[in-house]
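A, B, ... follow the sequence lines: proteins, then strands. Residue 1 opens every chain.
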Amino acid sequence: MSKKSVAYGKLIRFFWKRPTTARKLLKFGVELELARRKTVAAVKNDFSSWIDLSALSIVASAFNDEEIALVNLFFPTEIMAGFGLKCVSAEGLAGTLAAMQLEDFALARAEAMGVSKNTCSFHRAGLGLNLLRMLRNVKAVAVTNMLCDGNIPVFRTMAQLHGVEPVVLDVPRTFDESGVEYVSRQLENAVYELENQLNRKFDHRRFEEQLKMELEIFETLREIYPKLCERPVKLHLYQHVNLLYVLHVRPDVYMLKAVRSLRKQLETQVEHIDKRFFWMHLSPYYDNVLNEIFSKHSRYTVVACELSWDWMDWKVDVSHPFKSIAEKLLLNPLLSGVDKRIQFAKRLTLDFRADGVIHFNHLGCKQSSGSVEFIKRAFDELKIPFLSLDGDCVDHTNSSAEQFKTRVEAFLEMIR
Amino acid sequence: MIVYNCPLVPFEFFHALKIPFRRIEPGSGEFQYLHPNVCAFCRTAVCSVKPDEVLVWTDSCDSMRRSYDFLKKNRSFYLHVPVKNDEISVRFFARELQRLWEFLKTTFKREVSLDQLEKTHQWFVDRSSELQRAMTEDPYRAKAIFEELSNQKWIGSLEKRGRLVLLLGSWASDEVVKIVEEAGDFTLNATCSGPYALISDVQTGPDVFESIARRILNKRLPCGRFARERHLQSLIGRFRPDVIVLHTVKFCDFYHFDEGMLRKLTVPFVTIENDFTNALEQSRTRIEALLERVRERGDRKNLRSSYFIGIDSGSTSTKIVVLNERGEILFEQISRTGADPRESAKRLMDHAMKTLKFNEENCFVVATGYGRGTIDFAHERMTELTCHAVGVSHLYPDVRTIIDVGGQDSKVMRVEKGKIVDFVMNDKCAAGTGRFLEIVSSILEVPLEKMGKESLKAKQQLNISSVCAVFAESEIISLRSKGYSRQDILFAAHSAIARRLATMYERIKGVPPVVLTGGVALNEGLKNALERLLGVELIVPKNPVTTGALGAALMGLQQKR
């Protein structure tokens, strides 16, 4: 998302027709940046540095020949920890390509096999990257239809490419006893399927360790939530994407360090924030004008992103792990009707005392933007300014910087 | 009245309870509150629901879920249909179905026993088996059974004729089928608006709800949303279609994945994307071109004509080519199409008759291009895809790929011995077409004919990321305000359009020799950019604009004995 990434992308672009070289360069660039972020995090020991490191470490797994499980953003990755597989999400990989403005190769590859240009570009680019044979050590492919049903054919195709059977988790839209039982039984079954496929035993101890780590991460966040609402930390807009990505795909030891440092930061630091914004859905991951407007150094700060807090109604229960994970999925406020999502968005907006709300309609995501009209009405009733912004988080040719600028600046002028 | 949104519903319940039911259908209006990202089917179908109707709404896709948000005033049951069909899913789905059964009984105050429901289920299973047999043996009977079971209108004719066109993909209306029928062929509708949506591999068991759950989840042709692969091979093996039309809906995430599977088979196919705007003209061209591809060139006729005329009525210009009986070009001319395509074509025809001194009885006219339907004096009509293939192959018999960039659309065709073997067309937007260059020309105030040459004088390689005409316009203005030269910006614009065409070339796996046609072929900047991207040398005919009309004239000549 930085100019540096774009410049490095230009170098890789030059070698793109030689996939082995391009992959090596991609791996080298990611590892170099990872080393830099490790140093920065160790020195600064602050929330944003640990998040940035954690997010990149997930992407790095895809290129450094570790055994990986290719998953979608909402798949419960805890079970993969029990198999010693590192989870990498197709959406995250698409974001990495977008940050280097290399997504066009992957998108064109998916399009060449017939995938419509109107399909979500996270999934198109993720699939394209697999079609380009850029991922080597994929041991499992796992997907849930939660919040996106376009996932299923995309991941089915990716599984075929890697010669594995996809693990599919079907998530109903209502939280009740029957739904929890249904999802937990599927999770148990997925473990059984993976044991057969991977020819290795599921390690319950590692699985529990992962859940215990998540317990500490989420409970720390819950504990500091009131303080954070009162004095939020300043993050670049793209760092909110890093945060939600880590919380969903791999809440690991870096994330644990991030929340611990956040607790400390909140005790000492007070950052002046002029205007506060609540962000709904995702934001573009490539270098773009929105990252400039909502940078760490701007007077306009995004204080919370909807998808970083969608776990709030859930409590980790290590003693009933499968049931607990099922509950996490079914308690997601975005899962069912729009009313529940509105209640959740209102709560965060009011808790964080946001001056405005921005909903980013990522092209092809019907789930998120379908009923944006209702969300707008809800914020109108609260008299909180609301902006619905159309664009594409991955394909930078599908948005116009000038259009973003005009719309957002007009919105900011409304609030000023 | 019950309204259901998708055939993954338990029809047995409606029949057993004797409640009238109907399926939602897209109409002419559009529901403005649903975001334009939502599939066009839902945006129009949601308008057809009346406030007093009871909904049985399956969460068949994200768009359906979001549509449901707007229907909260109706009494309704929201049915989650699993994407898998293993035992865990069947049991869960059976419990959901049981809840729906209780909901319907209470809502409509009906008391029907489970025995009766079981009988109705068995009747449904027997009837759907009959339906499957009748589809090949007796279409009239198939229609009667299908309408009885689903209360949907049968789409398409019942008299088998011409070639068999298998229609796959998303819910298709009779508009799509009509295109096939007007070409004289027969459609087998295997989308979810057709009989195949009711055919399952049934396993009945002691629990009626589990049996119904299995019937729905175990559809013979899996729904695109299901986790299991759509085994199209068995369907294709059974019906042995001559061609396949893959019908997708804009913003539907499922069915375009079938294209990968179809590419591995030998049956010719075409993918069309429907946005339910009633503008199916591009789809018509694609389907007709596909049918022309497999059509046996008809018997030669005892034509008395001495002049063979091809008229290509394009969106921007109309072209005419007149051949004699030896295939020599006697006359060719181009004029602007304007608002009346017929009138422009007639004017060219009159001019040709006057110049060559022949009359209407002595000529055979084949019309092609977007306006072909309006040219009522033509003896035959063909799509421009077929005509370009014939015209270009006549000039360059070894040609394997043709890239035609017209004013309104662009096409890339792979050909073998003058016949198209695969093709792809751009979407309904200016990206990758001459229109895009016209817009750039007007913003930069560089005449269209000079743009290409000017672009070659660029000193630096700028990048215009978007080929969307609206976004590109603002990018170009922004580059100009930053002080970049016209030549540099033109270079970037030509590269952007070439990138779009290169993707299409890759999609059909283009191979050299490649011929570039259409008005844009004269643009050296685009030719250069494309050659750079594809790594092949492009051949441009002496008159690249008239190859379609030439092909049309040759198609007429080929019919003379």
Side-chain angles (χ1 to χ4, degrees), chain A residues 101 104 107-109 111-120 123 143 145 147-154 156-157 160 166 168 170 172-174 178-179 181-182 185-186 189 336-339 361-374 388 390 396-403, chain B residues 33-39 59-63 65-70 72 78 80 82-84 86 88-89 91-92 95-96 224-229 248 250-254 256-260 262-263 271 273 427 465-468 470-471 474-475 477-478 496 499 502-503 506-507 509:
Chain A
Q101 298 202 348
D104 54 336
L107 293 171
R109 194 65 195 76
E111 203 184 311
M113 76 162 279
V115 179
S116 166
K117 285 211 301 295
N118 300 312
T119 301
C120 156
H123 294 130
V143 62
N145 58 343
L147 303 183
C148 171
D149 46 21
N151 275 328
I152 303 261
V154 170
R156 188 175 60 209
T157 312
Q160 281 165 356
V168 179
D170 178 53
R173 265 70 196 172
T174 321
S178 158
E181 193 211 323
Y182 174 48
R185 287 208 60 193
Q186 286 184 73
N189 198 50
S336 55
V338 72
D339 295 342
N361 304 308
H362 168 62
L363 183 88
C365 184
K366 282 80 65 177
Q367 154 67 33
S368 156
S369 46
S371 24
V372 71
E373 180 66 27
F374 277 124
S388 167
D390 289 352
H396 72 282
T397 68
N398 247 345
S399 312
S400 159
E402 296 305 317
Q403 277 199 6
Chain B
Y33 296 119
L34 264 169
H35 191 275
N37 267 3
V38 169
C39 112
D59 62 344
S60 48
C61 67
D62 288 335
S63 292
R65 268 172 225 131
R66 297 289 67 99
S67 307
Y68 183 70
D69 287 337
F70 290 90
K72 288 285 168 66
Y78 186 67
H80 175 70
V83 295
K84 299 193 290 185
D86 55 13
I88 301 172
S89 306
R91 267 180 235 138
F92 170 77
R95 285 199 297 273
E96 292 295 294
R225 74 187 281 278
F226 285 174
R228 68 193 159 114
E229 209 179 325
T248 65
K250 193 171 183 183
F251 290 117
C252 171
D253 287 331
F254 303 136
H256 43 90
F257 281 88
D258 284 355
E259 190 173 315
L262 293 177
R263 284 202 181 277
T271 304
E273 191 174 76
D427 306 295
S465 50
S466 184
V467 277
C468 161
V470 181
F471 293 163
S474 64
E475 270 192 73
I477 292 166
S478 158
R499 274 203 307 274
T503 305
E506 194 191 336
R507 189 163 166 191
K509 298 189 171 51

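- Checked by atom type, the side-chain pair A:Gln367/B:Arg65 shows no donor-acceptor distance below 3.5 Å.
- Residues A:Ser336 and B:Tyr78 are not in side-chain contact: their nearest non-hydrogen atoms beyond the backbone lie 4.5 Å or more apart.
- For chain A, the nearby part of B:Glu96 is the side chain; its heavy atoms alone come within less than 4.5 Å.
- Residues B:His80 and A:Thr174 bring no donor and acceptor atom of their side chains to less than 3.5 Å of each other.
- Salt bridge status for A:Asp149 with B:Arg225: absent, with no side-chain N to carboxylate O gap under 4.0 Å.
- Partners of B:Phe70 by ring-ring contact (aromatic ring centres under 6.0 Å, His included), not counting sequence neighbours, listed by chain and number: A:Phe374, B:Phe31.
- When heavy atoms are compared at a cutoff of 4.5 Å, B:Phe251 approaches chain A by way of both its backbone and its side chain.
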side-chain contact (heavy atoms from CB on, under 4.5 Å) between B:Glu259 and A:Met113, intermediate numbers included: CA-CA 7 Å; B:Glu259 190 173 315; A:Met113 76 162 279; over 6 Å; no

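- Looking only at side-chain heavy atoms (C-beta outward), A:Asn118 and B:Glu273 come within less than 4.5 Å of each other.
- For A:His362, the part lying under 4.5 angstrom from a heavy atom of chain B is the backbone only.
- Counting only heavy atoms from C-beta outward, the side chains of A:Arg109 and B:Glu506 approach each other to under 4.5 Å.
- Rounded to the nearest 0.5 Å, atoms NZ (B:Lys84) and CG (A:Asn145) are 9.0 Å apart.
- Listed options B:Asp62, B:Ile477, B:Asp253, B:Leu34 were ranked by heavy-atom pairs under 4.5 angstrom with chain A; first place goes to B:Asp62.
- B:Asn37 contributes no side-chain N or O that, together with a main-chain N or O of A:Lys366, makes up a donor-acceptor pair within less than 3.5 Å.
- When all heavy atoms of A:Ala112 and B:Arg507 are compared, the pair lying nearest together is O-CG, 3.4 Å.
- Contact annotation for B:Ser60: only backbone heavy atoms (N, CA, C, O) come within less than 4.5 Å of a heavy atom of chain A.
- Two residues are said to be in side-chain contact when any heavy atoms from C-beta on lie closer than 4.5 Å; A:Ile152 and B:Phe257 fail this criterion.
- Of all the listed residues (B:Ala502, B:Gly260, B:Ala227), the one sharing the greatest number of non-hydrogen pairs under 4.5 Å with chain A is B:Ala227.
- B:His256 places a side-chain N or O within donor-acceptor distance of the main-chain N or O of A:Ser116, the cut-off being under 3.5 Å.
- Between A:Val372 and B:His35, the shortest heavy-atom distance links the atoms CG1-CD2, 4.0 Å.
- Contacts between B:Lys509 and chain A at a heavy-atom distance below 4.5 Å are absent for every atom of the residue.
- The backbone N or O of B:Arg228 sits less than 3.5 Å from a side-chain atom of A:Arg156, completing a donor-acceptor pair.
- Side chains of B:Arg95 and A:Glu181 form a contact here, defined as non-hydrogen atoms less than 4.5 Å apart.
- Top candidate by heavy-atom pairs under 4.5 Å with chain A, chosen from B:Ile88, B:Asp86, B:Asp258, B:Val38, is B:Ile88.
- Counting heavy atoms from C-beta outward, B:Phe92 and A:Pro172 have side chains that approach closer than 4.5 Å.
- In this structure, no portion of B:Thr271 lies under 4.5 Å from any heavy atom of chain A.
- Separating the NZ atom in B:Lys250 from the NZ atom in A:Lys117 is a distance of 9.0 Å, to the nearest 0.5 Å.
- The side-chain contact (heavy atoms from CB on, under 4.5 Å) test applied to B:Cys252 returns B:Ser170, B:Val249, B:Phe254, B:Tyr255, not counting sequence neighbours.
- Within the 4.5 angstrom heavy-atom criterion, only backbone atoms of A:Leu147 (N, CA, C, O) approach chain B.
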